[in-house]
Amino acid sequence: MNVAMNLAEIKENINEACKRSNRNQEEVTIIGVTKYVTIERTVEAMNAGIKNLGENRNEEFLKKYNEIGTKAKWHFIGSLQTRKVKDVIDKIDVLHSLDRLSLAKEINKRASKPVECFIQVNVSGEESKHGLTPEAVIPFIEDLTTYENIHITGLMTMAPHIEDLDKIRSVFRLLVELRDRVQSKHYHHAPCSNLSMGMSNDYEIAIEEGATHIRIGSKLVGS
């Protein structure tokens, strides 16, 4: 598998999706999800031009961070256990899975500087997925008003892994509508301008619906 060739194909697909939705491809950040691959493959992705890396397990993240350090921008995309916050919070650049007050409290206590956070939203309602219900998002944001180390950069969701493209699209559209409602509140600590949605199987639909951050693993670096 040639990561550079994969990336070129992904970028072409992004370009086409942006044309279809009258967007600029510069608005879309590719996060290379390297959670299942070696450090060598991760470095290959960086050499191909990937600057943003996504990990979802503390141990694997720390192993890669110890080798790569600040040469990459690190996105923690998995569920973060409260007791593991102290190990990673000053090493990651962005958290995509803020979903409970206990986690926010620990981040606020442990971080030495404000952390860019996406609130994870379970739009599809699947029991297997983490995240707040859409109805809980605005009250949750209001609970974070005094947390000086929590900066809500946007919302994140995962669509169901199904064949029904209209259903996938509807999940992304609901997240966009929720983001717009949050933005209309003009929260100082939650500008909420970004949308982390779309993975290897559905990133083109996500871009058409407004994704600013797509999380690409298998289509980029394999598994």
Side-chain angles (χ1 to χ4, degrees), residues 27-29 31 52-58 61-62 65 70 73-159 170-199 206 209-215:
E27 298 172 10
V28 181
T29 297
I31 300 167
N52 295 270
L53 298 177
E55 289 286 331
N56 75 334
R57 295 178 187 274
N58 296 50
F61 162 68
L62 289 170
Y65 182 88
T70 57
K73 184 171 183 176
W74 293 99
H75 298 251
F76 198 90
I77 61 174
S79 183
L80 181 59
Q81 294 175 283
T82 305
R83 63 188 176 87
K84 298 290 185 72
V85 167
K86 64 182 185 299
D87 299 328
V88 304
I89 202 61
D90 278 337
K91 297 179 175 69
I92 64 173
D93 297 284
V94 188
L95 176 70
H96 288 245
S97 54
L98 183 61
D99 62 354
R100 59 198 188 279
L101 202 56
S102 60
L103 178 60
K105 285 179 179 176
E106 190 68 10
I107 291 169
N108 195 56
K109 181 172 79 172
R110 299 285 185 177
S112 63
K113 61 183 187 301
V115 180
E116 297 289 319
C117 296
F118 285 87
I119 294 175
Q120 184 167 352
V121 188
N122 187 354
V123 176
S124 66
E126 293 173 275
E127 289 185 10
S128 60
K129 287 186 167 60
H130 292 275
L132 295 169
T133 64
E135 298 76 23
V137 169
I138 287 177
F140 180 65
I141 288 173
E142 291 177 348
D143 284 340
L144 302 176
T145 303
T146 60
Y147 288 45
E148 67 274 7
N149 284 331
I150 303 284
H151 186 260
I152 304 301
T153 188
L155 305 178
M156 179 275 242
T157 201
M158 289 182 280
S170 71
V171 167
F172 295 147
R173 283 183 177 170
L174 284 168
L175 194 74
V176 174
E177 291 170 9
L178 180 57
R179 188 274 312 271
D180 291 348
R181 289 209 302 275
V182 174
Q183 283 194 308
S184 72
K185 303 283 189 180
H186 303 291
Y187 297 117
H188 176 71
H189 66 297
C192 209
S193 53
N194 295 311
L195 292 165
S196 173
M197 58 188 198
M199 300 189 289
E209 295 303 327
T212 61
H213 293 68
I214 56 173
R215 310 177 302 272

Asker: Kindly state each residue pair satisfying salt bridge (Lys or Arg N to Asp or Glu O under 4.0 Å) with at least one member in residues 120-144, sequence neighbours excluded.
Answerer: Glu126-Lys129
Asker: Looking only at non-hydrogen atoms, find the nearest pair between Gly198 and Ala206 and report the distance.
Answerer: CA-CB, 3.5 Å
Asker: Among Thr157, Val121, Val123, Ile119, find the residue that satisfies the side-chain contact (heavy atoms from CB on, under 4.5 Å) test when tested with Leu178.
Answerer: Val121
Asker: Once rounded to the nearest 0.5 Å, what's the spacing between atom NE2 of His130 and atom CG of Asp99?
Answerer: 7.0 Å
Asker: Looking at Asn56, Leu53, Val94, which hits side-chain contact (heavy atoms from CB on, under 4.5 Å) with Ile77?
Answerer: Asn56
Asker: Over all heavy atoms of both residues, which pair between Phe118 and Met156 is shortest? Give the atoms and the distance, please.
Answerer: CB-CB, 3.9 Å
Asker: Which residues pass the side chain to side chain donor-acceptor pair (under 3.5 Å) test with Glu55, sequence neighbours left out?
Answerer: Thr34, Lys64
Asker: Show every donor-acceptor pair shorter than 3.5 Å between a side-chain atom in residues 146-155 and any protein atom, with sequence neighbours excluded, or say none if there are none.
Answerer:
from, atom 1, to, atom 2, distance (Å)
Asn149, ND2, Asn108, O, 3.0
Asn149, ND2, Ala111, O, 3.1
His151, ND1, Glu116, OE1, 3.2
His151, ND1, Glu116, OE2, 3.1
Thr153, OG1, Glu116, OE1, 3.4
Thr153, OG1, Asn194, ND2, 2.8

Asker: Who passes side-chain contact (heavy atoms from CB on, under 4.5 Å) against Ala159, sequence neighbours left out?
Answerer: Ile168, Val171, Phe172, Asp202
Asker: Who passes side-chain contact (heavy atoms from CB on, under 4.5 Å) against Ser102, sequence neighbours left out?
Answerer: Thr82, Arg100
Asker: Might you point out which heavy atoms bring Ala136 and Pro139 nearest each other, and give the distance in Å?
Answerer: O-CD, 3.4 Å
Asker: Test Lys185 against Ile138 for side chain to side chain contact (heavy atoms under 4.5 Å, CB included), laying out the working first.
Answerer: CA-CA 9 Å; Lys185 303 283 189 180; Ile138 287 177; 4.1 Å; yes
Asker: Minimum heavy-atom separation for Phe76 to Ile92, with atom names?
Answerer: CB-CD1, 3.9 Å
Asker: Are there more than 12 heavy atoms of other residues, nucleotides or ligands under 6.0 Å from atom NZ of Lys73?
Answerer: no
Asker: May I have all residue pairs that pass side chain to side chain donor-acceptor pair (under 3.5 Å) and include part of residues 86-98, sequence neighbours excluded?
Answerer: His75-His96, Asp90-Ser112, His96-Ser196
Asker: State, with a plain yes or no, whether a side-chain heavy atom of Ser124 is found less than 4.5 Å away from one of Asn122.
Answerer: yes
